[in-house]
2 protein chains.
Amino acid sequence: MTKNATGRVDHEAELRKAGIRITRPRRIILRIVSETDDHPDAYEIFRRAVQEDKNISLSTVYRTMKLLEEHGTIQRHAFAGGPSRFEHAGEEHHDHLIDVETGDVIEFRSDKIEKLQDEIARELGYDILHHKLELYGRKRRSA
Amino acid sequence: MTKNATGRVDHEAELRKAGIRITRPRRIILRIVSETDDHPDAYEIFRRAVQEDKNISLSTVYRTMKLLEEHGTIQRHAFAGGPSRFEHAGEEHHDHLIDVETGDVIEFRSDKIEKLQDEIARELGYDILHHKLELYGRKRRSA
DNA sequence: AATGCAAATGCAAATCGTTTGCAATAAAAA
DNA sequence: TTTTTATTGCAAACGATTTGCATTTGCATT
Ligand SMILES: [Mn+2]
Ligand SMILES: [Mn+2]
Ligand SMILES: [Zn+2]
Ligand SMILES: [Zn+2]
């Protein structure tokens, strides 16, 4: 995996290696998704991108998200209701707890659950390609 | 809970009790969703409904699904990609394994996973309102 | 059974998130 | 630099779902 001067993964090099052209919009979008720690949707990414280059189009954001998804750079989530939301891949796998009141997304990971999922699939005669575990909850109001 | 002559839940009575009018389209749609054991989408329900009443509209199907969902009669699922799919509620809670090749939906239930979810949410200071666990897999091809 | 009225319907048009065709532009190969 | 080819921005198309509105219907009331 290619690293850059700061020791982080160099996505541009990774993509170039895969024969993908590094264009101005792609460089900007890539920066946005790799620097944020939230789960923005395409329009939000577009909004942030426009601040850096006034004539980036929403189509390009969508096209780039699909490209990066196929390339494994980002992950797409389809939380209940709304549009797809994205996050930079590469960290360890985790699932999400969505605060139904604020829309906040909290990440968590349970190895036990992950393992149980595999067991279940195996018993049913399947191999899991991916899965989705989303908890929708409300902050507990202590009595 | 109101039961009818056959001992099953009488949805029409339940709805009427809640001040909801039992119309011809609603009666038909209700029959369809309570008799099927698959997970049809709105258009499929519409298709089946039209066989019984040639001038039911897709709008009414959508409106009725929302109504029944709010009333707790059915559950809505948003599996990856496609449109919302519905199933009759009332049976015990279960989660789904989706065959990515055929679109088939297999139901399963793991008390262990359910319990672990509660623990996780509690640790994070949340109460779970509902959750979604979907496994996307492919039939294991035995060597 | 006939009446009255709010609720529900069908239809067409609107909306939302997303994708696509196409001519213009820019990346990278030569 | 020139050439080749991928990528862009824009507008129009898209699929799923919702909505406005005039008409019909369920059903509580006579
Ligand atoms: Mn995340
Ligand atoms: Mn089910
Ligand atoms: Zn997981
Ligand atoms: Zn569950």
Side-chain angles (χ1 to χ4, degrees), chain A residues 11-30 32-33 39-71 73-86 103, chain B residues 11-33 39-47 49-71 73-86 103:
Chain A
H11 294 293
E12 298 194 10
E14 292 284 314
L15 292 167
R16 205 178 272 112
K17 204 186 300 177
I20 292 163
R21 290 187 185 177
I22 302 305
T23 65
R24 189 169 151 68
R26 284 179 182 166
R27 187 171 290 124
I28 291 172
I29 292 167
L30 208 43
I32 292 171
V33 303
H39 300 76
D41 61 28
Y43 195 80
E44 173 61 24
I45 292 167
F46 168 65
R47 200 179 296 125
R48 296 180 194 176
V50 164
Q51 291 181 273
E52 304 195 32
D53 180 342
K54 202 141 178 41
N55 49 351
I56 279 176
S57 78
L58 183 54
S59 312
T60 296
V61 173
Y62 276 112
R63 279 192 276 237
T64 303
M65 297 327 280
K66 183 185 283 189
L67 182 85
L68 296 180
E69 187 188 8
E70 284 163 357
H71 190 261
T73 308
I74 61 167
Q75 246 186 278
R76 173 190 303 263
H77 300 293
F79 299 140
S84 291
R85 298 172 64 169
F86 306 90
Chain B
H11 293 294
E12 298 193 11
E14 292 284 314
L15 291 167
R16 207 178 271 112
K17 204 186 298 176
I20 292 162
R21 291 187 184 176
I22 303 304
T23 65
R24 190 170 151 68
R26 283 180 182 167
R27 202 188 317 275
I28 292 171
I29 292 167
L30 209 43
R31 262 206 356 34
I32 292 170
V33 301
H39 301 76
D41 61 28
Y43 196 80
E44 172 62 24
I45 292 167
F46 169 66
R47 201 180 295 126
V50 165
Q51 292 181 275
E52 303 195 33
D53 180 342
K54 201 139 178 44
N55 49 353
I56 278 176
S57 78
L58 183 54
S59 312
T60 296
V61 173
Y62 275 111
R63 279 191 275 237
T64 303
M65 298 325 280
K66 182 184 282 190
L67 182 84
L68 297 181
E69 187 188 7
E70 284 164 356
H71 190 261
T73 308
I74 61 166
Q75 246 185 276
R76 174 191 302 263
H77 300 294
F79 299 140
S84 290
R85 299 172 64 168
F86 306 89

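We use all heavy atoms of the structure for the numbers below, so side chains are in, but hydrogens, waters and symmetry mates are not. The sequence lines fix the lettering, A, B, ..., with proteins before strands; numbering per chain opens at 1.
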Looking for any heavy atom pair under 4.0 Å, which part of the strands does [X] touch: base, sugar-phosphate only, or nothing?
{"X": "B/S59", "result": "base"}
{"X": "A/D41", "result": "nothing"}
{"X": "B/R26", "result": "sugar-phosphate"}

Problem - Below 4.0 Å: OP1/OP2 of C/dT19 and any side-chain N or O of A/Y62 - result: no
Problem - Phosphate contact (C/dG10 OP1 or OP2) by B/T60 side-chain N/O below 4.0 Å - result: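 Yes, within the criterion.
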Could you state the [atom1]-[atom2] distance from [X] to [N], rounded to the nearest angstrom?
{"X": "B/R63", "N": "C/dG10", "atom1": "CZ", "atom2": "C1'", "value": "8 Å"}
{"X": "B/I56", "N": "C/dG10", "atom1": "CD1", "atom2": "P", "value": "6 Å"}
{"X": "A/N55", "N": "C/dA26", "atom1": "CG", "atom2": "P", "value": "9 Å"}
{"X": "A/I20", "N": "C/dA29", "atom1": "CD1", "atom2": "C1'", "value": "18 Å"}
{"X": "A/I22", "N": "C/dA27", "atom1": "CD1", "atom2": "C1'", "value": "10 Å"}
{"X": "A/R16", "N": "C/dA29", "atom1": "CZ", "atom2": "C1'", "value": "14 Å"}

Practice task
Show your working on side chain to side chain contact (heavy atoms under 4.5 Å, CB included) between B/E14 and B/T73 and close with a plain yes or no.
Solution key: CA-CA 9 Å; B/E14 292 284 314; B/T73 308; over 6 Å; no
Practice task
Flag the pair A/L30 / A/L15 as yes when at least one side-chain heavy-atom distance between them is below 4.5 Å, and no otherwise.
Solution key: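 In short, these two side chains touch, coming nearer than 4.5 Å.
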Problem - Student check: side-chain heavy atoms of B/L68 and B/H11 closer than 4.5 Å - result: no
Problem - 5' priority, DNA chain C, between A/L58 and B/P25 [closest heavy atom] - result: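 Checking each residue's closest nucleotide, the 5'-ward one belongs to B/P25.
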Problem - Identity of whatever pairs with D/dT29 - Watson-Crick or G-U, under 3.5 angstrom - result: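 Partner of D/dT29: C/dA2.
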Problem - A/R21 vs A/R26, side chain to side chain contact (heavy atoms under 4.5 Å, CB included): CA-CA, chis, key distance, verdict - result: CA-CA 9 Å; A/R21 290 187 185 177; A/R26 284 179 182 166; 4.2 Å; yes
Exercise for the section: Apply the test side chain to side chain contact (heavy atoms under 4.5 Å, CB included) to residues A/E12 and A/R16: give CA-CA distance (whole Å), side-chain angles for both, the deciding distance (0.1 Å), then the verdict. Expected result: CA-CA 6 Å; A/E12 298 194 10; A/R16 205 178 272 112; 4.2 Å; yes
Exercise for the section: At the 4.0 Å heavy-atom cut-off to chain A, mark where contacts on DNA chain D begin and end, going 5' to 3'. Expected result: D/dT5 to D/dA11
